[in-house]
**Student:** 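Sharing a structure below in structure tokens format, with a few things to ask.
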Amino acid sequence: MENKYYISGQRKWKIPNLKRLILWVFITIIAVSFLVPIIWIISGSFTTSIDLVTKHPSLIPQRPTVQNYINVFTTNKTQTVGRPLLNSAIVSFSTVFLTLLISSFAAYPLARMEFKGSQFIFVLILMGLMIPIQVSFISLYLLFNSVGLLNTYAVLILPGAISPFGVFLLRQFFRTIPKELEDVAMIDGCGRLKTLYSIILPLSVPALLCLGIFTFLGSWNSFLWPLIVLTKSKMMTLPVILSYYWGAFAGVNEWGPLLAVSVIASIPTILVFLLFQRYFVQGIATTGIKG
Amino acid sequence: MKTNSRSLVLVKKKITPFLFLLPFLSFYVVMQLFPLFQNFRVSFTQWDMMSPDKPFVGLDNFKYLFLSDPFFWASIKATLLYIVLNVPSKIVIGLALAVALNQGLWGKTFHRTAIFLPFVINSAVVGLLFGWMLDPQSGMVNYFFKKLGLPPQQWLVDPTWTMEIVVLVTIWWSIAFNTIVYLAGLQGIPEELYDAAKIDGCTPWQSFWHVTLPGLRDTTMFVVIMQVIGSFQAFGNIWLLTHGGPVNATRVLMIHLYRIGFYFFRMGQAAAIAVIIFIIVLILTLIMLSMFRKTELKN
């Protein structure tokens, strides 16, 4: 699939060369300045806290050191970063896996089976697209509290794995797959379940990838919900532990370890973005999904 | 025997779709629809999470918010200020970046990667990064201010420029969304319109005003409403920079809700704020849907 949004030479009108040059300089300056804070945080993470406060700021560390990274993995005042990293990974990967599984199961009958109530169920799911999840956080918190599931993986994973958007997206995609392929499989004696995973899902990789990427970004970066439901530091995810560290370290100018944790927390999403930029752009452009 | 197995097949055929839908629907009802309705119920009660009973108080929570809550109107004001600063600037900048990225300039892959990259960084890191750079004592912004002979500022401590800073950081963090949506919108404008404009002797600037902008009307409508809805739910990017301060300058509605609900455990009042946010977002969504309906009917 060629990325249709950026084919070069698709200029809407010709701008004279000098003006193009000015525009190029302008956009290049903007692009570089967008990167500066990111370079700065990486550079800072390889600088000791004392140097960060006493030396003048520099985009390239003058005395590079990995001490901050060693510190956040071994010695720390409250807790090391290993467990939060593991928690974030467990939560994100489970959320992605469950979202893809549950959404494709729900999307399949809505796309391909005729049954009573299918219209009603579809409208019910469309309604979910309009509900901002934050407004039910209070009662969702009370619900998990009443069953004693605060500070567990379940409370972090389950609410994120229910995606009306995912069902909608996959349903639309499943409908574009020729029905004949499915009929052939059914004649060969495949049941519905087998048809789903041997015919439909392999043909839906682009849609599954798109949903998977945005679910991962949303889950890895999720902040307010984990902040509400987590009180035990053992269960905290990276963004939450970072906000706690911040309170403890920034006041005493211990910026080094904070910056190291920030870099660790950013690497997975940046990698996903760089690897799947095309799907990321297409996902936003065609569906208006937010990360 | 034969009829038996046939009716079994029929029953199986009938329940199959529901078996597929069951995991989603059950979780969906329990974790999204039920809490939404539950939230309305909680908003009519008074509850601190400690006492076993939750007395029904009617509209008292709403009355408290509107009439006696010292911070509710401040948070409405902060939310509106956030919207007024955030939405128009992100529309203009997002459109400008999209037009520039759409020119097929040399190095465009680098340009767009750099501009989109901040979008995937999580709000905690964004907050910490700018909190560090703006730190009044050790931050580099004040360092460069001193170098340039300017007086160092009490960034994020003095309320004067706090909301402007929050919005600047938000633009850096999330401009990718508007830019991408506008890029898609630009691709949707038929080439012939530009050719026709050129034949009529339009300069690039004129064709921008008379072809591009009208062609992006629906896109802009979509972006504006998405941004306004998003602004009513804004939390992480503001919380980490300012915690709603200084002096409530950035205490937007979600922050007010979080403070009341999870600092003071006044669940009824917090739920009432959630109801207010829900109603505002619902109205905006319905407006958006009816606008899309209209344009769809036109076509």
Side-chain angles (χ1 to χ4, degrees), chain A residues 5-6 8-13 15 23-24 27 31 34-35 37-38 41 53 56-57 102 105-106 108-109 113 115 121 128 130-132 134-136 138-140 143 158-159 162 167 192 217 221 223-224 228 239 242-243 246 253 255 258 262 265-266 269-270 273 277 281 284-285 288 290-291, chain B residues 16-17 20-21 23-24 27-28 31-32 35-36 38-39 42 100 103-108 110-111 113-115 117-125 128-129 131-132 138 140 143 172 177 180-181 183-184 187 194 204 207 222 226 233 235-236 240 254 261-262 267 270-271 274 277-278 281 285:
Chain A
Y5 299 108
Y6 302 111
S8 66
Q10 266 206 343
R11 301 201 307 271
K12 293 297 185 185
W13 65 83
I15 292 181
L23 186 67
W24 182 85
I27 191 86
F34 263 68
L35 284 182
I38 297 172
I41 203 167
V53 178
H56 62 84
I102 295 175
F105 264 65
Y108 183 50
M113 296 181 201
F115 58 99
I121 290 173
M130 294 162 46
I131 305 171
Q134 284 104 314
V135 302
S136 13
I138 295 279
S139 36
L140 203 57
L143 178 75
L158 288 178
I162 304 308
V167 177
R192 286 290 193 181
L217 293 177
N221 288 342
F223 178 62
L224 178 54
I228 290 173
L242 192 59
S243 76
W246 191 5
N253 277 327
W255 289 102
L258 286 173
S262 300
S266 308
T269 53
I270 289 180
F273 168 73
Q277 190 177 156
V281 169
I284 294 179
K290 274 190 156 180
Chain B
T16 308
F20 275 97
L21 279 159
F24 180 82
F27 280 126
Y28 179 54
M31 289 194 299
Q32 289 200 7
L36 191 67
Q38 186 68 7
N39 193 65
V42 176
Q103 299 299 316
L105 294 168
W106 185 78
K108 62 186 183 311
F110 165 72
H111 294 147
T113 305
I115 290 168
L117 192 61
F119 194 69
V120 300
I121 294 178
N122 79 61
S123 52
V125 173
L128 185 129
L129 167 57
W132 171 54
S138 60
M140 66 194 62
Y143 174 87
W172 174 80
F177 182 81
I180 291 171
V181 173
L183 268 169
Q187 300 292 331
Y194 288 99
S207 67
F222 170 75
M226 286 296 281
Q233 302 165 48
F235 178 80
L240 284 153
M254 276 311 287
F262 298 99
M267 288 300 167
I277 296 176
F278 174 72
V281 170
T285 311

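Order of the sequence lines sets the chain letters (A, B, ...), proteins ahead of strands, with each chain counted from 1.
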**Student:** Mind ranking B:I277, B:V42, B:I121, B:T16 by heavy-atom pairs under 4.5 Å with chain A and telling me who comes out on top?
**Tutor:** B:I121
**Student:** Check whether B:F278 gets within reach of chain A through its side chain, its backbone, both or neither, counting any heavy atom under 4.5 Å.
**Tutor:**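 Looking at B:F278, backbone and side chain both touch chain A.
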**Student:** What part of B:Y28 gets within 4.5 angstrom of chain A, counting heavy atoms only: side chain, backbone, both, or neither?
**Tutor:**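 For B:Y28, the contact with chain A is made by backbone and side chain together.
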**Student:** Report which part of B:T113 has an atom under 4.5 Å of a heavy atom belonging to chain A: side chain, backbone, both, or neither.
**Tutor:**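 B:T113 touches chain A through backbone and side-chain heavy atoms alike.
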**Student:** Begin with the C-alpha distance, continue with both residues' side-chain angles, and end with the deciding distance and a verdict on side-chain contact (heavy atoms from CB on, under 4.5 Å) for B:F20 and A:R192.
**Tutor:** CA-CA 10 Å; B:F20 275 97; A:R192 286 290 193 181; 3.8 Å; yes
**Student:** Any side-chain heavy atom of A:V281 within less than 4.5 Å of one from B:L183?
**Tutor:**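 No, every pair of side-chain atoms sits at 4.5 Å or beyond.
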**Student:** Report the relative orientation of the aromatic rings in B:W132 and A:W255; use parallel for angles under 30°, tilted for 30 to 60°, perpendicular for over 60°.
**Tutor:** tilted
**Student:** Between B:Q32 (side chain) and A:I162 (backbone), is there a donor-acceptor pair under 3.5 Å?
**Tutor:**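 The answer is yes, because a donor-acceptor pair under 3.5 Å joins these two groups.
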**Student:** Can you measure from CZ (A:F273) to CG (B:L117) and round to the nearest 0.5 angstrom?
**Tutor:**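 Reported to 0.5 Å precision, the distance equals 5.5 Å.
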**Student:** Only pairs of heavy atoms separated by less than 4.5 Å count here; which of A:I102, A:I138, A:I131 has the most with chain B?
**Tutor:** A:I138
**Student:** side-chain contact (heavy atoms from CB on, under 4.5 Å) between A:I27 and B:Q103: does it pass, once the steps are laid out?
**Tutor:** CA-CA 11 Å; A:I27 191 86; B:Q103 299 299 316; over 6 Å; no
**Student:** Side chains of B:V281 and A:V135: does their closest heavy-atom pair fall under 4.5 Å?
**Tutor:**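 The answer is no, as the side chains (C-beta and beyond) never meet within the 4.5 Å cut-off.
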**Student:** Please evaluate residues A:F105 and B:F24 with respect to the criterion side-chain contact (heavy atoms from CB on, under 4.5 Å), reporting the C-alpha separation (whole Å), side-chain torsions for both, the decisive distance (0.1 Å), and the verdict.
**Tutor:** CA-CA 8 Å; A:F105 264 65; B:F24 180 82; over 6 Å; no
